[in-house]
Visitor: 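Here you go, one structure.
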Amino acid sequence: MNILAPPPPRLSIEVVFDFVCPWCHLGIARLLRVLAARPDLQAELLWRPFLLNPDIAPGGTPRQDWLARKFGGEERARRLHGAIAELGAAEGIPFRFDLQRRVPSSLDAHRLLRWAGRQVPAATLVSAIFHAFFAEGRDIGQAETLAAIAAAEGLDAEETRRFLAGQGETEWVHLENLRAHRLGINGVPCFLVDGVHAIAGAQEPEVLERLIEVALAD
């Protein structure tokens with residue numbers, strides 16, 4: 001080790017996202033891939049919740065009903081999901097929308113990340129929750145599902161159940177969602193670098209790399 005070498009540059013990246021958003025799954029996977037290829041950086045990821053469906057019932061809603069309200073029917077949704085699945089396949093991300101039976105509330109998943117992210121790598125847990133929902137069709141609005149995901153990442157399942165049974169971090173999630181809207185964020189994912197440079201959408205890795213370079217130049 002060269003003790004005279006300058007320390008690696010540091011970046012703070014706020015990731016505003018929702019667990020039920022396929023574009024967030026794709027965009028975050030691309031961001032993590034870009035950062036993994038940059039060992040010269042020290043990037044701190046700050047996970048900021050965004051509720052795409054803030055009024056959805058705690059138990060979620062049948063997928064067919066939700067598709068009818070959001071897209072006007074399943075056919076239009078199938079075309080959109082097909083396009084997302086193609087992009088995901090190019091990134092090694094399996095999207096299995098056909099396995100989903102309900103559209104869940106994402107509130108508890110965000111609460112879990114806030115709580116568990118102090119104990120396990122948050123990015124790994126984020127990826128695990130995304131995979132459970134989009135690749136396996138599991139209902140991430142259910143406490144048992146979230147407890148099982150947490151246990152697979154090294155957390156105690158019973159302790160996770162007790163946390164989810166309470167209201168811990170609920171207010172924080174709602175305040176962060178409100179903060180995002182006040183910042184003018186109306187769609188996700190959105191990446192905010194060092195509190196100055198922002199970009200929305202599931203951007204190509206090359207675009208994310210340019211954003212990082214611009215932030216470093218400042």
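Residue numbers start at 1 and run along the sequence shown. What's counted below: heavy atoms across the whole structure, side chains too, no hydrogens, waters or symmetry copies.
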Visitor: Taking Gly166's backbone N and O only, do any of them form a donor-acceptor pair with Arg111's side chain (distance below 3.5 Å, no angle check)?
Guide: yes
Visitor: Within the structure provided, determine whether Val15 and Leu31 are in side-chain contact (heavy-atom separation under 4.5 Å).
Guide: yes
Visitor: Given side chains that start at C-beta, do those of Pro104 and Val20 come closer than 4.5 Å, heavy atoms only?
Guide: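 SC-SC contact between Pro104 and Val20 confirmed.
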Visitor: Does some side-chain heavy atom of Arg69 sit less than 4.5 Å from a side-chain heavy atom of Val103?
Guide: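 Heavy-atom side-chain distance check fails, nothing below 4.5 Å.
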Visitor: Honestly curious: do Leu183 and Val173 fall in one hydrophobic cluster under the side-chain, below-4.5 Å linking rule?
Guide: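 Result: no, two separate clusters.
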Visitor: Is any NZ, NE, NH1 or NH2 atom of the basic residue among Glu209 and Arg30 found under 4.0 Å from an Asp or Glu carboxylate oxygen of the other?
Guide: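 Salt bridge absent between Glu209 and Arg30.
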Visitor: Mind checking what makes ring pair (Phe, Tyr, Trp, His ring centres under 6.0 Å) contact with Phe19, not counting sequence neighbours?
Guide: Phe17, His110, Phe130
Visitor: Starting from the C-alpha separation in whole Å, work towards a yes-or-no answer on salt bridge (charged side-chain N to carboxylate O under 4.0 Å, His left out) for Glu159 and Arg162.
Guide: CA-CA 5 Å; Glu159 186 180 0; Arg162 286 196 297 270; 5.3 Å; no
Visitor: Is the closest basic N to carboxylate O distance between Arg33 and Glu91 below 4.0 Å?
Guide: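 Salt bridge between Arg33 and Glu91, a charged N being under 4.0 Å from a carboxylate O: yes.
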Visitor: Would you indicate whether Glu213, at its atom CD, is surrounded by more than 12 heavy atoms from other residues, nucleotides or ligands within a distance under 6.0 Å?
Guide: yes
Visitor: Hey, quick one: are Leu11 and Val126 part of the same hydrophobic cluster, counting side-chain heavy atoms closer than 4.5 Å, chains of contacts allowed?
Guide: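 Linked within one cluster.
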Visitor: Restricting to ring pair (Phe, Tyr, Trp, His ring centres under 6.0 Å), what partner residues turn up for Phe95, sequence neighbours left out?
Guide: His25, Phe97, Phe134
Visitor: Among residues at least two apart in sequence or on other chains, which ones pass side chain to side chain donor-acceptor pair (under 3.5 Å) with Gln167?
Guide: Thr170
Visitor: For atom CZ of Arg179, is the number of surrounding heavy atoms from other residues, nucleotides or ligands below 6.0 Å larger than 12?
Guide: yes
Visitor: Looking at Arg76, I want to see if its CZ is surrounded by more than 12 non-hydrogen atoms of other residues, nucleotides or ligands under 6.0 Å.
Guide: no
Visitor: Report the residues that fulfil ring pair (Phe, Tyr, Trp, His ring centres under 6.0 Å) with His181, sequence neighbours left out, ordered by chain and then residue number.
Guide: Phe50
Visitor: Counting C-beta onward and ignoring hydrogens, is there a side-chain heavy-atom pair between Leu146 and Asp108 closer than 4.5 Å?
Guide: yes
Visitor: Answer yes when Glu74 and Arg79 have at least one side-chain N-carboxylate O distance shorter than 4.0 Å, and no when they do not.
Guide: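 Between Arg79 and Glu74 there is no salt bridge, as every charged N stays at least 4.0 Å from the carboxylate O atoms.
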Visitor: If you draw a 6.0 Å radius around CD in Glu86, do more than 12 non-hydrogen atoms from other residues or ligands fall strictly inside?
Guide: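 Counting neighbours around CD of Glu86, 12 or fewer heavy atoms of other residues, nucleotides or ligands fall under 6.0 Å, so no.
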Visitor: What I'd like to find out is whether the side chain of Arg102 reaches to under 4.5 Å of the side chain of Pro62, using heavy atoms alone.
Guide: yes
Visitor: From Leu178 CG over to Glu171 CD, what is the distance, rounded to the nearest 0.5 angstrom?
Guide: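 One finds 11.0 Å between CG of Leu178 and CD of Glu171.
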Visitor: Just do the side-chain contact (heavy atoms from CB on, under 4.5 Å) check on Phe191 and Ile28 with the steps written out, would you?
Guide: CA-CA 9 Å; Phe191 305 113; Ile28 289 171; 4.2 Å; yes
Visitor: What pair of heavy atoms forms the shortest contact from Trp23 to Ile84, and how long is it?
Guide: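 Of all heavy-atom pairs spanning Trp23 and Ile84, the closest is CZ2-CG1, 3.4 Å.
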Visitor: Take Asp218 and His197 through the side chain to side chain donor-acceptor pair (under 3.5 Å) test and state the conclusion after the steps.
Guide: CA-CA 10 Å; Asp218 287 350; His197 306 280; 2.6 Å; yes
Visitor: To the nearest 0.5 Å, how far apart are CZ in Phe133 and CD in Gln100?
Guide: 4.0 Å
Visitor: For Cys21, is there any backbone N or O sitting under 3.5 Å from a side-chain donor or acceptor partner on Asp18?
Guide: no
Visitor: In Å and rounded to the nearest 0.5 Å, what is the OG to CG distance from Ser105 to Leu51?
Guide: 7.0 Å
Visitor: Any ring-ring contact (aromatic ring centres under 6.0 Å, His included) pairs touching residues 136-167, not counting sequence neighbours?
Guide: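 Checked against ring-ring contact (aromatic ring centres under 6.0 Å, His included) - neighbours excluded - the pairs reaching residues 136-167 are Trp115-Phe163.
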Visitor: Is it true that Glu169 and Arg118 make a salt bridge, defined as a side-chain N closer than 4.0 Å to a carboxylate O?
Guide: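 Salt bridge present between Glu169 and Arg118.
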Visitor: What's the shortest heavy-atom distance between Gly27 and Pro189, and which atoms?
Guide: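 Nearest pair, atom of Gly27 first, then Pro189: CA-CG, 4.5 Å.
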Visitor: Tell me whether Ile199 shares a hydrophobic cluster with Leu87, the cluster being built from Ile, Leu, Val, Met, Phe, Trp, Tyr side chains joined at under 4.5 Å.
Guide: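 Shared cluster, yes.
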Visitor: Please enumerate all residues that pass ring pair (Phe, Tyr, Trp, His ring centres under 6.0 Å) together with Trp66, with sequence neighbours excluded.
Guide: Phe71
Visitor: Among Ile212, Leu208, Val207, exactly one meets side chain to side chain contact (heavy atoms under 4.5 Å, CB included) together with Arg210. Which residue is that?
Guide: Val207
Visitor: Indicate yes or no for a side-chain donor-acceptor contact from Ser127 to the backbone of Ala123 under 3.5 Å, with no hydrogens or angles considered.
Guide: yes
Visitor: Got a second to check how far Ile140's CD1 is from Ile149's CD1, nearest 0.5 Å?
Guide: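 These two atoms lie 7.0 Å from each other.
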Visitor: Would you call Arg161 and Glu158 a salt bridge, using N to O less than 4.0 angstrom?
Guide: yes
Visitor: Between Leu26 and Ile93, is there a side-chain heavy-atom distance shorter than 4.5 Å?
Guide: yes
Visitor: Thr61 and Asp65: which non-hydrogen atoms are nearest, and at how many Å?
Guide: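 So the minimum-distance heavy-atom pair works out to OG1-CB, 4.5 Å.
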Visitor: Looking only at heavy atoms, what is the nearest atom pair of Leu67 and His81, with distance?
Guide: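 Smallest heavy-atom distance, with atoms named: CD2-CE1, 4.2 Å.
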Visitor: Going by atom types alone, do Asp194 and Ser12 pair a side-chain donor with an acceptor below 3.5 Å?
Guide: no
Visitor: Run the side-chain contact (heavy atoms from CB on, under 4.5 Å) test on Arg48 and Glu176 for me, step by step, so that the C-alpha distance in whole Å, both residues' side-chain angles and the decisive distance to 0.1 Å come before the verdict.
Guide: CA-CA 6 Å; Arg48 305 294 193 190; Glu176 284 292 322; 3.1 Å; yes
Visitor: Could you tell me whether the side chain of Leu99 reaches within less than 4.5 Å of the side chain of Arg138, counting heavy atoms only?
Guide: no
Visitor: Check whether Leu107 and Leu113 end up in the same hydrophobic cluster, where Ile, Leu, Val, Met, Phe, Trp and Tyr are linked by side-chain heavy atoms less than 4.5 Å apart.
Guide: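 Shared cluster, no.
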Visitor: Looking at every non-hydrogen atom in both residues, tell me the closest pair between Ala43 and Leu35 and how far apart they are.
Guide: CB-CD2, 3.9 Å
Visitor: If you define the side chain from C-beta out and look only at heavy atoms, does anything of Pro8 sit under 4.5 Å from Asp40?
Guide: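 Answer no - side chains too far apart.
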Visitor: Working to the nearest 0.5 angstrom, can you tell me the gap between His131 NE2 and Arg96 CZ?
Guide: 11.0 Å
Visitor: Does Arg114 make a cation-pi contact with Trp47, if we ask for NZ or CZ under 6.0 Å from the ring centre and within 45° of the axis?
Guide: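 The answer is no, since Arg114 fails at least one limit relative to Trp47.
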Visitor: Can you tell me how far apart OG1 (Thr124) and CD1 (Ile129) are? Round to the nearest 0.5 Å.
Guide: 11.0 Å
